[in-house]
Amino acid sequence: MNRPDLLARLESARAAREQAGLLRRARVCDALGARRIVRGRALVDFCGNDYLGLAGHRDLVAALSRTAAAEGVGTGAAHLVSGHRDEHAALEEELAEWTGRERALLFSTGVMANLGAMQALLGAGAMPVPGRASALCVQDRLNHASLIDGAQLAGAELRRYPHADAEGAARQLDARSELPAMVATDGVFSMDGDVAPLPALAAVCRARGALLYVDDAHGLGVLGAQGAGSVSAAGLGTADVPVLMGTLGKALGCAGAFIAGDAAVIEGIAQFARTYVYTTAMPAALAAATRAALRLVRFDREGRREKLAANIARFRTGAAHLGLPLMPSATPIQPLPMGTATAAVAAAAALEDAGFLVVAIRPPTVPQGGARLRITLSAQHTPDRIDALLDALARLPRPAESAVV
Ligand code: PMP
């Protein structure tokens, strides 16, 4: 039989990626406060998403250890079996209150939250039927991969609109007006750092009977009063954004995710999201640590959001003095376009030599020609570390103008 070989196909795809210089590898990066130890050297981390510097906070560590000592580590079962504990229930209530919604549902990761919630919302539990779209899902071109995957998993017709273009979203909705529809967007774009045009998207959805789904992985904790995120900062509520997704592994310094909305919507998701129903509940100790993080984030007695804002302003002002072509972003994500993947990798290596951990983001994570240094700021950075990073950036060779798309 002449059947093509799956492993051979995988290997040739991997080899092609290697040849294009686009292989990605995990490095061991041990934590040491705001620094990482890489190959025995301490580097200042300017690439993580611990925006408020909470991952190593004593309150989180204490809550985690206390709960693990009392309850053990693993929950041993899914939420709907016997894995749901007091800490999960309390965290869900607190997340709902924080985001101004009736109910929140915990997931083990943000990727799983998006896959599961989209599958439930777009497919209502039915298996996808080839050739028959379950719904229309209209997405920003720069949305996170898990939103794209979620729509495909649900058997929806996926249409994408130009980045941050609400009119483009409207045109895509109008193209298939007979299908039930969702518009899904990142609240803060993970690789560009800009904020979605949420009021305009809400108006487009309202006029066309479409559901607006916002993934606020990078907005929660950072934007809005009490860090309640990009939706709250835009003055929008549940009527405008019925489904809000948030992650717990970024500004909250933990791991996991949640979907928040009206109780009936969340109940439907709990019934049909396979990544909720069929997976082991996150450790209760992690839920306890997240509750401690949430208290710090909401009430912010240590002024972390203010420090973060000051750090962002310092970095942007310094970069402007140096003539660095940063992308327009007011959030902790401050990308510096490099054009080619080779230029981005060389710049990241030069920064590592200078003592900074900044990662080159290359296609396919970003579009062709859009390779960049994704520099991220945290409340934990001191002004002199930011100035030192700026000095190192000033010494990088500038990418040719034509190479930057
Ligand atoms: N959505 C967005 C916008 C993200 O940036 C990420 C993290 N890369 C996720 C979802 C996935 O979250 P998690 O890391 O918790 O799976």
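Just so you know, residue 1 is the first one in the sequence shown, and it goes up from there. Start at 1 and go down the list; that is how both ligands and their atoms are numbered.
Between Glu178 and Arg176 a salt bridge is recorded (basic side-chain N to carboxylate O distance below 4.0 Å).
In this view, His144 and Ser146 satisfy the side-chain hydrogen bond (donor to acceptor under 3.5 Å, both in side chains) rule, not counting sequence neighbours. Shown here are the side-chain hydrogen bond (donor to acceptor under 3.5 Å, both in side chains) partners of Asp300, two or more places apart in sequence or in another chain: there are none.
For the salt bridge (charged side-chain N to carboxylate O under 4.0 Å, His left out) test with Arg103, the passing option among Glu92, Glu267, Glu94 is Glu267; the others fail.
Sorted by first and then second residue, the ring pair (Phe, Tyr, Trp, His ring centres under 6.0 Å) pairs with a member in residues 153-186 read His163-Phe189; sequence neighbours excluded.
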Enumerate, one pair per line, all nitrogen or oxygen atoms of ligand 1 lying under 3.5 Å from a protein nitrogen or oxygen, stating the separation to 0.1 Å; write 'none' if no such pair exists.
{"unit_1": "ligand 1", "atom_1": "1 (N)", "unit_2": "Asp215", "atom_2": "OD1", "d": "3.4"}
{"unit_1": "ligand 1", "atom_1": "1 (N)", "unit_2": "Asp215", "atom_2": "OD2", "d": "2.6"}
{"unit_1": "ligand 1", "atom_1": "5 (O)", "unit_2": "His218", "atom_2": "NE2", "d": "2.6"}
{"unit_1": "ligand 1", "atom_1": "8 (N)", "unit_2": "His144", "atom_2": "NE2", "d": "3.3"}
{"unit_1": "ligand 1", "atom_1": "15 (O)", "unit_2": "Gly110", "atom_2": "N", "d": "2.7"}
{"unit_1": "ligand 1", "atom_1": "16 (O)", "unit_2": "Gly110", "atom_2": "N", "d": "3.0"}
{"unit_1": "ligand 1", "atom_1": "16 (O)", "unit_2": "Val111", "atom_2": "N", "d": "3.0"}

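Ring orientation note: the planes of Phe258 and Trp98 are tilted relative to one another, at an angle of 30° to 60°.
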